[in-house]
Q: 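Before anything else, here's the structure in question.
What's counted below: heavy atoms across the whole structure, side chains too, no hydrogens, waters or symmetry copies. Proteins come first, then strands; the chains are lettered A, B, ... in the order of their sequence lines, and each starts at number 1.
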There are 2 protein chains.
Amino acid sequence: MEIDKSSKRRLIILCIDCELLFVMSNNFSIDSILAKRPRKSLIRVFLQSSHLWRRFHSLGTEMIVTKSGRRMFPTLSVLISGLDPMKNYVVTVDLECIELKRFRYSFHQSKWISTGPGESELPSRMFVHPDSPARGSHWMRAPVSFDKMKLTNNQLDSNGHIIVNSMHKYRPRVHVIEQDGSQTRHTFSFEETEFIAVTAYQNHRY
Amino acid sequence: MEIDKSSKRRLIILCIDCELLFVMSNNFSIDSILAKRPRKSLIRVFLQSSHLWRRFHSLGTEMIVTKSGRRMFPTLSVLISGLDPMKNYVVTVDLECIELKRFRYSFHQSKWISTGPGESELPSRMFVHPDSPARGSHWMRAPVSFDKMKLTNNQLDSNGHIIVNSMHKYRPRVHVIEQDGSQTRHTFSFEETEFIAVTAYQNHRY
DNA sequence: TATTTGTCACCTAGGTGCGAATAT
DNA sequence: ATATTCGCACCTAGGTGACAAATA
C-alpha cells in the first residue's frame, strides 16, 4: 500500500500487521504513528498484600459467602506492568474451583480435610473491574483492587455476584483482555489466594 | 489510494475524510467499516430535574460553598443524545460567572440585589466527569450526573474542587469534548441553573 | 451433627444544616 | 452589620461479626 507520509489530512490509517490502533488527531504524521508502534512486552501481574494472604493461607483461608453477597477479605488487589499504555484493556476476575471435593473443618486437627466428591461446577461468573475498559496507562498507574467484588452462595443470584459452592476450594484468576478486536487474554493466579468458601467462619483462631 | 476490499488481513486502514475511528477486529471487511461510517448528527443536552431547578430559580437559587468543598443542590444532571455511539468523549462542567457584580440578599424585598462591582474572575476550574473518557453509547445510556462535583470558596484549594467567589452569580456549563484528536467541544448551559454562591443560606423561605 | 439463614447491633465514611464564635 | 468559619449533632448507606433460629 502506498502512503503519502507527509499527508496531514483527516484520515484513518491502516497498517499491515500492526497490533495496536490509535485514536488519531486531525493533524498527525505517519512518522508519529510509527514511532508509537508497540514493542512486544511481557505483561506481569503482582499480588498485593501477599504477606497477609500467606498468613491466612498457612491457616487455611476461609472466605465468607452470603446470599446477598459478601466482599472478600483479604481483598484481591494486583499491580500490573508491561501493558501498552495506549491500548485499551478489560480486567476481570473469576474463581477457579481448584478441587472437585467437598471440605470440612476438623476442629481436632485444626485443619481442612476433604470429604467425598464435590458439586459439579458451572463456569464461574466474571467480575469485570469497574474501570474497564481503560488504557494500559490507567491499569499500570496504581494497584488494581477488586474490593467491590462480592461472593454469594445463591445459585439464583441476580445481582451479578460471583457464585460459589460453600465448602469448596477456589482460587481467583485475573484476566487481562486486550481490546483491539483480538481479545487476547492473559490469565494470572496466585497460589496463596486460594480459599474455601464458608457461610460461617470455621477456624476461630485467626 | 488503492484498497483491496476483500482483504481480511490484520491491517490498519486509511480513509480520507472519515471522522470516526473504530477498534477493528482481525477479521473485517472494508465494507463493514464503511457501513459504520458516521452520519453527522446534532448533539443535544437536556437538563434533568428542570422542574426543581425552576422552583429554586424563581426564588433565587443559592448554592452553599465551604472551604472543604460542598456538593451542589440541586445536583446538575443531564441527558445527552446525538453522540456517535462508538466515539470517545470527555464530559466536563465548569462555572461561568455571569455577572461581574457582588450580590447581597435583601431581607426586606426577599430578593437578591446587586451591589458594586465584583471580583475579577479567573477562568473556572473544570470538573471532569469521572466516567471520562467513555464512548457515546455510555453517555447516552442514562442521565449523566455531576453529583460528585464540589464547590469551594477557598482560592487556594488543592483538592481539585471548583473555586467560586461567594456572593457572585454563576451558571454551570456542560462541555462535551470529542476525543478524536480534534478535541471539538460542544458547550451547553441552562438559564434555570444559575445560582449565587453563599457561605450560609440567606433566603430562609425555601 | 453440620450447615445455612436471617437478624441485629455495631462501625465507618461522608454529606447535611445549624448555631456559636469569629472576622471584615 | 455582614459574612465567614468552625464544630457539632444528625443522618444515611453500606459493610461487619456474632448469635440464635432454622434447615437438612
Q: Can A:F190 and A:F188 be said to form a ring-ring contact (aromatic ring centres under 6.0 Å, His included), step by step?
A: CA-CA 7 Å; A:F190 307 92; A:F188 306 86; 7.5 Å; no
Q: Please determine whether a side-chain nitrogen of the Lys or Arg among B:D157 and B:K67 lies less than 4.0 Å from a carboxylate oxygen of the Asp or Glu.
A: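 Salt bridge between B:D157 and B:K67, a charged N being under 4.0 Å from a carboxylate O: no.
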Q: Is it the case that the side chain of A:T152 and the backbone of A:T66 share a donor-acceptor pair, with hydrogens and angles ignored and the cut-off at 3.5 Å?
A: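 Judged by distance alone, yes, a pair lies under 3.5 Å.
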Q: In this structure, how many angstroms lie between the C1' atom of C:dA2 and the CZ atom of A:F103, rounded?
A: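 Going from CZ in A:F103 over to C1' in C:dA2 covers 17 Å.
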Q: Could you give the CG-to-P distance, from B:N159 to C:dG15, as a whole number of Å?
A: 11 Å
Q: What's the CG-C1' distance between A:L156 and C:dT5, to the nearest Å?
A: 15 Å
Q: Take atom CG of B:N203 and atom P of C:dC18, then tell me their distance rounded to the nearest Å.
A: 12 Å
Q: Looking at B:E191, I'd like to know if its CD atom is crowded, meaning that more than 12 non-hydrogen atoms belonging to other residues, nucleotides or ligands lie closer than 6.0 Å.
A: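 No - once you tally the heavy atoms of other residues, nucleotides and ligands closer than 6.0 Å, there are 12 at most.
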Q: A:H168 NE2 to C:dT3 C1': how many Å, rounded?
A: 13 Å
Q: Only counting residues at least two apart or in another chain, list the ones meeting side-chain hydrogen bond (donor to acceptor under 3.5 Å, both in side chains) with A:R173.
A: A:D94
Q: Using the test ring-ring contact (aromatic ring centres under 6.0 Å, His included), find all partners of A:H129 that sit at least two apart in sequence or belong to another chain.
A: A:W139, A:F146
Q: To the nearest angstrom, how far is A:F107 atom CZ from C:dA2 atom C1'?
A: 9 Å
Q: Scan nucleotides 4-24 of chain D nucleotide by nucleotide, 5' to 3', and note B when protein non-hydrogen atoms come under 4.0 Å of the base, S if they reach only the sugar-phosphate, - if neither.
A: BBS--------SBB-------
